[in-house]
Amino acid sequence: RSLEVDEEIVLLSTDPYDGSGGKGRLFSYELDSSGKTYWSVDVGFDDGALFAFSTFGVIFGSDGAGGGAGGMKTFGINASSGDVIFSNFGFCNPIAQNSGPAVDIYGYAYYSCGNQAYSVYPNGSLRWISEIYGEPNPYFSISPSLHPGGLVYFFHSDGGALLALSTQDGLLHKRYEITPLSYYEPPLIVGNSMIYLFGDR
């Protein structure tokens with residue numbers, strides 16, 4: 001993954017450039033053959049860590065841990081310095097998973113718990129949390145998607161519904177009943193009216 005920091009393109013990786021190990025760390029490199037390391041930080045995540053970048057210089061993420069009680073840890077990192085802004089277990093039910101984040105143009109991040117969603121400020125504090133829609137699933141964690149009309153979409157953990165919430169306050173805008181499938185990717189939103197869902201039976 002790459003982003004621009006101080007007019008330079010840098011590479012973010014969960015693997016050290018020299019292959020020396022370092023599980024649980026995030027590394028930032030200059031994007032050329034030199035492999036210059038800008039910074040590395042340990043936030044204790046797995047190889048499946050999920051990231052999203054804000055225009056305010058914050059890298060939001062979740063640690064990619066497997067399912068089960070305790071969920072996935074969420075974090076925010078300063079993209080320029082590598083300083084950890086926040087690191088916590090998010091706001092899902094303890095047996096649910098925090099998904100990877102979606103980030104809007106205002107720097108707010110959105111996470112799905114499968115049966116509800118929540119939004120945080122750049123410092124990791126809670127902005128809002130939605131109502132609970134059914135039971136949590138400890139093995140479900142698909143990132144939400146943002147709609148330009150001020151909506152955040154997320155799959156319900158039973159695989160049979162797609163929910164649209166207001167990005168302002170988390171109130172339910174619409175619930176779509178969909179064919180129950182195994183969904184692996186966030187909904188793809190194209191323009192104002194087209195949503196693609198990827199899954200298999």
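When reading the values below, keep in mind they use all heavy atoms of this one structure, side chains included, and skip hydrogens, waters and symmetry mates.
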### Message
Let's go through L172 and E131 carefully: what are the C-alpha distance in whole Å and the side-chain angles of both, what is the deciding distance for side chain to side chain contact (heavy atoms under 4.5 Å, CB included) to 0.1 Å, and is it a yes or a no?
### Response
CA-CA 8 Å; L172 181 65; E131 292 184 29; over 6 Å; no
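- Annotation: the span from L151 atom CG to L146 atom CG amounts to 9.5 Å, rounded to 0.5 Å.
- Take I132 and apply the side-chain contact (heavy atoms from CB on, under 4.5 Å) test, not counting sequence neighbours, and it matches N115, Q116.
- Counting all heavy atoms, side chain and backbone alike, S62 lies closest to P101 at N-CD, 4.4 Å.
- You'll find the side chain of S87 reaches within 4.5 Å of the side chain of K73, heavy atoms only.
- P144 has its side chain out of reach of P186: every pair of non-hydrogen atoms, C-beta onward, lies at least 4.5 Å apart.
- Taken from CZ in F154 to SG in C113, the straight-line distance is 8.0 Å, to the nearest 0.5 Å.
- At a threshold of 4.5 Å between non-hydrogen side-chain atoms, the residues S145 and V152 do not count as touching.
- Between V58 and P122 the shortest side-chain heavy-atom distance falls below 4.5 Å.
- The two residues T74 and G90 have their closest heavy-atom pair at OG1-N, 3.7 Å.
- With sequence neighbours left out, Y176 forms a ring-ring contact (aromatic ring centres under 6.0 Å, His included) with no residue at all.
- With sequence neighbours excluded, no residue forms a ring-ring contact (aromatic ring centres under 6.0 Å, His included) with F60.
- No side-chain donor-acceptor contact under 3.5 Å links Y111 to the backbone of F91.
- Taking each heavy atom of N88 and G124 in turn, the nearest pair found is ND2-O, 4.1 Å.
- Qualifying ring-ring contact (aromatic ring centres under 6.0 Å, His included) partners for Y133, counting only residues two or more places apart in sequence or in other chains: none.
- Counting heavy atoms from C-beta outward, I189 and Y153 have side chains that approach closer than 4.5 Å.
- The NE2 atom of H156 sits 9.5 Å away from the CG atom of N137 when rounded to the nearest 0.5 Å.
- Residue pairs meeting the side-chain hydrogen bond (donor to acceptor under 3.5 Å, both in side chains) criterion with at least one member in residues 159-172, sequence neighbours excluded, are S166-D169.
- In this structure, E177 contributes its side chain and A161 its backbone to no donor-acceptor pair below 3.5 Å.
- Considering CD of Q97 and OG of S112, their distance stands at 10.5 Å, rounded to 0.5 Å.
- Follow the hydrophobic side-chain contacts under 4.5 Å out from I105 and you reach W128 in the same cluster.
- Y110 has its ring centre no less than 6.0 Å from the ring centre of Y118.
- By the 4.5 Å heavy-atom criterion applied to side chains, R127 and Y108 are counted as neighbours.
- Shown here are the side-chain contact (heavy atoms from CB on, under 4.5 Å) partners of N78, two or more places apart in sequence or in another chain: S80, S81, D83, I85.
- Atoms SG and CG, from C92 and N98 in turn, are 4.0 Å apart once rounded to the nearest 0.5 Å.
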